[in-house]
Amino acid sequence: MRTIALKPVSFTPALVRLLEKRLLIKTLRPSRTVVNCNRATGIADTVYVSAHRYGAHKLVCIRCNVNGFNLNSHPDNEEFIFIDSTGARFKPFYLLIGLHKHALMQRKCAAGTLTGRDFVLVKVKYNDPRVSVFTMLRDTVHCEVVLEGAGQPPIFFVTEPSRLRMDRLKLTGYDVRVQPYVRRKNKP
């Protein structure tokens with residue numbers, strides 16, 4: 001069995017830019033069309049539209065207490081919203097994101113070439129508009145993971161099409177482990 005050792009990192013604006021450049025996520029920010037608008041009446045610009053075949057959009061509130069790695073992707077986009085209005089102390093909470101789209105990740109897994117360098121494990125940060133609200137783009141492999149520790153299971157929100165299917169990444173022959181989180185300055 002191959003081991004994939006993952007080192008958690010902070011979810012920084014630099015890391016968000018890297019994930020956006022790789023077309024894995026999209027942050028919630030105004031488009032250039034909106035920013036550059038000089039019309040007195042303003043303007044509206046669509047960020048994206050879900051495919052009709054996946055249903056209407058829905059908002060889901062999730063209390064997560066999963067400590068395994070159930071990697072999946074979806075054929076359409078979904079938004080993650082890490083906003084906490086409860087003031088609760090949550091258990092250590094991470095989001096594992098594959099650095100390639102689902103098909104390539106599955107091929108690498110089947111070939112036995114998948115390593116920790118194919119993933120980023122980010123420590124979820126709440127209430128920071130730069131990193132706490134973003135779109136997970138279609139076919140991006142990801143999963144939420146809660147580690148043992150003090151606090152309650154974390155709560156977050158997801159918006160997604162109402163009939164969005166989940167495509168599992170089969171990690172046959174792999175053991176995924178989390179190494180201790182070390183806070184580093186200026187590292188994505």
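Checked options Thr140, Leu164, Val141; the residue passing with His74 is Leu164 (criterion: side-chain contact (heavy atoms from CB on, under 4.5 Å)). Screening Ile25, Asn72, Leu96 against His142 for a side-chain contact (heavy atoms from CB on, under 4.5 Å) leaves a single residue, Asn72.
Taking CE of Met105 as the start and CG of Leu169 as the end, the distance is 6.0 Å to the nearest 0.5 Å. In this structure, the separation between NE2 on His52 and CG on Asp76 is 12.5 Å, given to the nearest 0.5 Å. In this structure, SG on Cys64 lies 13.0 Å from OH on Tyr94, to the nearest 0.5 angstrom. Rounding to the nearest 0.5 Å places SG of Cys143 at 6.5 Å from CG of Asn70.
Under the 3.5 Å distance criterion, the side-chain polar atoms of Thr3 are left unmatched by any main-chain donor or acceptor of Ala5. The closest donor-acceptor contact from the side chain of Asn67 to the backbone of Glu148 lies at 3.5 Å or more, if one exists at all. Formation of a donor-acceptor pair under 3.5 Å by the Ser132 side chain with backbone atoms of Pro129 is not found in this model. When atom types are taken as modelled, the side chain of Asp139 and the backbone of His102 share no donor-acceptor pair closer than 3.5 angstrom. Remark: side-chain polar atoms of Glu20 are paired, donor with acceptor, to backbone N or O of Thr27 under 3.5 angstrom. Side-chain atoms of Gln106 come within 3.5 Å of backbone atoms of Lys170 as a donor-acceptor pair (strictly under, hydrogens ignored). Not one N or O on the side chain of Arg177 forms a donor-acceptor pair closer than 3.5 Å with the backbone of Leu6.
Contact annotation: the side chain of Lys91 approaches that of Asn65 to within less than 4.5 Å [non-hydrogen atoms, C-beta and beyond]. With a 4.5 Å cut-off on side-chain heavy atoms, Pro75 and Tyr54 count as touching. Phe157 has its side chain within reach of Leu59: a pair of non-hydrogen atoms, C-beta onward, lies under 4.5 Å apart. When side chains are defined from C-beta on, Phe119 counts as touching Ile4, because their heavy atoms get closer than 4.5 Å. You'll find the side chain of Val124 stays beyond 4.5 Å of the side chain of Pro154, heavy atoms only. You'll find the side chain of Arg63 stays beyond 4.5 Å of the side chain of Phe156, heavy atoms only. His100 places none of its side-chain heavy atoms less than 4.5 Å from the side chain of Arg107. The side-chain heavy atoms of Lys101 and Leu137, taken from C-beta on, include a pair separated by under 4.5 Å.
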Test log, rule side-chain contact (heavy atoms from CB on, under 4.5 Å), inputs Val9 and Leu121 | CA-CA 6 Å; Val9 297; Leu121 181 66; over 6 Å; no
Full working for side-chain contact (heavy atoms from CB on, under 4.5 Å) between Lys26 and Tyr48 = CA-CA 11 Å; Lys26 180 175 179 50; Tyr48 79 89; 5.9 Å; no
Test log, rule side-chain contact (heavy atoms from CB on, under 4.5 Å), inputs Ile97 and Met136 | CA-CA 9 Å; Ile97 303 172; Met136 187 72 68; 4.2 Å; yes
Going through the checks in order, is the ring-ring contact (aromatic ring centres under 6.0 Å, His included) test met by Phe69 and Tyr174?
-> CA-CA 11 Å; Phe69 293 91; Tyr174 284 93; over 10 Å; no
Test log, rule side-chain contact (heavy atoms from CB on, under 4.5 Å), inputs Arg165 and Asp167 | CA-CA 7 Å; Arg165 77 170 188 264; Asp167 298 325; 2.8 Å; yes
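Clustering ILVMFWY residues whenever any of their side-chain heavy atoms sit less than 4.5 angstrom apart, transitively, puts Leu24 in a cluster other than the one holding Leu104. No single ILVMFWY cluster, assembled from side-chain heavy atoms under 4.5 Å apart, contains both Val133 and Val47. Under a hydrophobic clustering in which Ile, Leu, Val, Met, Phe, Trp and Tyr are joined whenever their side-chain heavy atoms come within less than 4.5 Å, directly or via other members, Leu23 and Val131 fall into different clusters. When the side chains of ILVMFWY residues are joined at heavy-atom separations under 4.5 Å, either directly or via intervening members, Val66 and Val158 end up in two distinct hydrophobic clusters.
The shortest heavy-atom contact between Gly55 and Pro161 is O-CB, 4.0 Å. Contact record, Pro92 with Gly149: CD-CA, 3.9 Å, taken as the closest heavy-atom pair.
Residues Glu78 and Thr159 have side chains that never bring a donor and an acceptor to within less than 3.5 angstrom of each other. For the residue pair Lys125/Ser10, the side-chain donor-acceptor check at 3.5 Å is not satisfied.
Using cut-offs of 30° and 60° on the angle between ring planes, the pair Phe82 and Phe93 is perpendicular.
Ionic pairing of Asp118 and Lys108 is present here: one or more N-O contacts between side-chain nitrogen and carboxylate oxygen are shorter than 4.0 angstrom.
For residues 40-61, the pairs satisfying salt bridge (Lys or Arg N to Asp or Glu O under 4.0 Å) are Lys58-Glu160, with sequence neighbours left out. Residue pairs meeting the ring pair (Phe, Tyr, Trp, His ring centres under 6.0 Å) criterion with at least one partner in residues 5-38, sequence neighbours excluded, are Phe11-Phe134.
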